[in-house]
2 protein chains.
Amino acid sequence: MARAATTTDAFNAVAEPRRREILDALIGGERTVTDLVEVLGLPQPLVSKHLRVLREVGLVDVREEGRQRVYRLNGHPLKPIHDWVKNYERTWTQRFDRLDAVLEELKEMEQRNDRDGE
Amino acid sequence: MARAATTTDAFNAVAEPRRREILDALIGGERTVTDLVEVLGLPQPLVSKHLRVLREVGLVDVREEGRQRVYRLNGHPLKPIHDWVKNYERTWTQRFDRLDAVLEELKEMEQRNDRDGE
DNA sequence: GCGACATATGCCTATATGGGCATATGATGA
DNA sequence: TCATCATATGCCCATATAGGCATATGTCGC
């Protein structure tokens with residue numbers, strides 16, 4: 001099997017830095033494709049392709065306005081990422097580093113006992 | 001160009017669900033490769049390969065203990081993900097939905113004025 | 001109707017992935 | 001020394017990606 005499609009997940013869609021840039025640009029409000037092309041400094045077809053991926057995972061919505069398409073952010077699909085990564089927050093929070101060290105040492109001892117006991 | 005390597009980023013490394021499972025398993029404390037194989041129910045070579053990726057982006061550290069390798073979680077590389085996705089939290093927080101709607105409408109009006117004014 | 005504008009799609013290439021399988025490497029205990 | 005266990009690597013394949021470029025589609029003003 002190859003890598004999972006970029007349109008599988010928010011996780012996969014957002015692994016691309018340009019796509020994150022697009023979303024970042026949309027935080028400020030709705031943007032036209034041309035707006036985004038200018039902000040990102042990328043060729044228009046490439047931006048359209050990235051937008052397609054974002055659309056397919058539901059991270060953006062489109063609205064037609066004359067000959068332009070206005071893109072709007074929809075962050076909901078990012079919630080799973082937030083929820084997942086939140087569980088690791090204490091790993092880099094200075095305040096918990098000592099506590100973590102102690103807890104992990106305790107767990108190691110338990111595991112070592114379990115292994116030896118079997 | 002192809003997609004960025006999985007070892008480029010925590011973003012890319014973590015796009016793989018099995019790799020997230022491995023990290024999740026390591027939250028409970030250090031684990032042996034065999035432990036992980038049992039927990040994930042995957043063939044050992046595959047687990048070793050995923051571990052390699054996680055090692056290369058610094059998400060896990062290894063320690064040799066006899067003929068086993070004991071893997072330990074290192075969440076620090078996840079911080080950029082957390083920091084990035086945090087900016088989108090209000091998108092799915094019910095409490096802010098109304099406010100966001102109003103703000104976005106205001107911004108739309110401004111943009112429309114800007115566009116028409118040019 | 002027509003030419004300019006805005007956007008999406010198609011086709012092409014290089015790349016490296018996830019997984020399957022066999023095997024190399026290394027440590028252990030008898 | 002040798003068989004066994006624990007782990008990592010190598011080779012194979014199918015897949016689809018990001019980007020480049022040309023072009024299709026659709027809309028506007030005139």
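Here is how names work: the chains are called A, B, and so on, in the same order as the sequence lines, proteins then strands, and each is numbered from 1. These numbers come from a predicted model, not from an experiment. What you see below is based on every heavy atom in this structure, not just the backbone, and it leaves out hydrogens, waters and symmetry mates.
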Polar side-chain contact B:Q44-D:dA8 base: donor and acceptor under 3.5 Å
yes
Of A:R3 and A:P45, the one whose closest nucleotide on DNA chain C sits nearer the 5' end is A:P45
Sorted by position of nearest nucleotide on DNA chain C, 5' first, the leading residue of B:R69 and B:A5 is B:A5
* Asked: Is the A:Y88-A:W84 ring centre distance short of 6.0 angstrom?
  ->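 Yes, the ring of A:Y88 comes within the 6.0 Å limit of the ring of A:W84, centre to centre.
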Could you please name the option among [options] that lies closest to any side-chain atom of [X]?
X	options	value
A:S48	C:dG19, D:dT7, C:dA8	C:dA8
B:R67	D:dA14, D:dC5, C:dA6	D:dC5
A:R52	C:dT7, D:dT7, C:dT9	C:dT9
A:M1	C:dT7, D:dG19, C:dG19	C:dG19
B:R19	D:dA8, C:dG18, C:dT7	C:dG18
A:Q68	C:dT9, C:dG20, C:dT7	C:dT7

**Q.** Under-4.0 Å side-chain N/O to phosphate OP1/OP2 contact, B:T6 with C:dT17
**A.**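 Yes, B:T6 has a side-chain N/O under 4.0 Å of OP1/OP2 on C:dT17.
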Query raised in the report: Taking only N and O in the side chain of B:Y71, is any of them less than 4.0 Å away from OP1 or OP2 of D:dA8?
Result: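 The answer is yes; a side-chain N or O of B:Y71 sits under 4.0 Å from OP1 or OP2.
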First encountered from the 5' end of DNA chain D, between B:V33 and B:K49: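 Nearer the 5' end of the strand: B:V33.
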Whichever of A:G66 and A:V53 has the more 5' nearest nucleotide on DNA chain D, that residue is A:V53
Rounding to 0.5 Å, atoms CG (A:D61) and CZ (A:R72) come to a distance of 7.5 Å
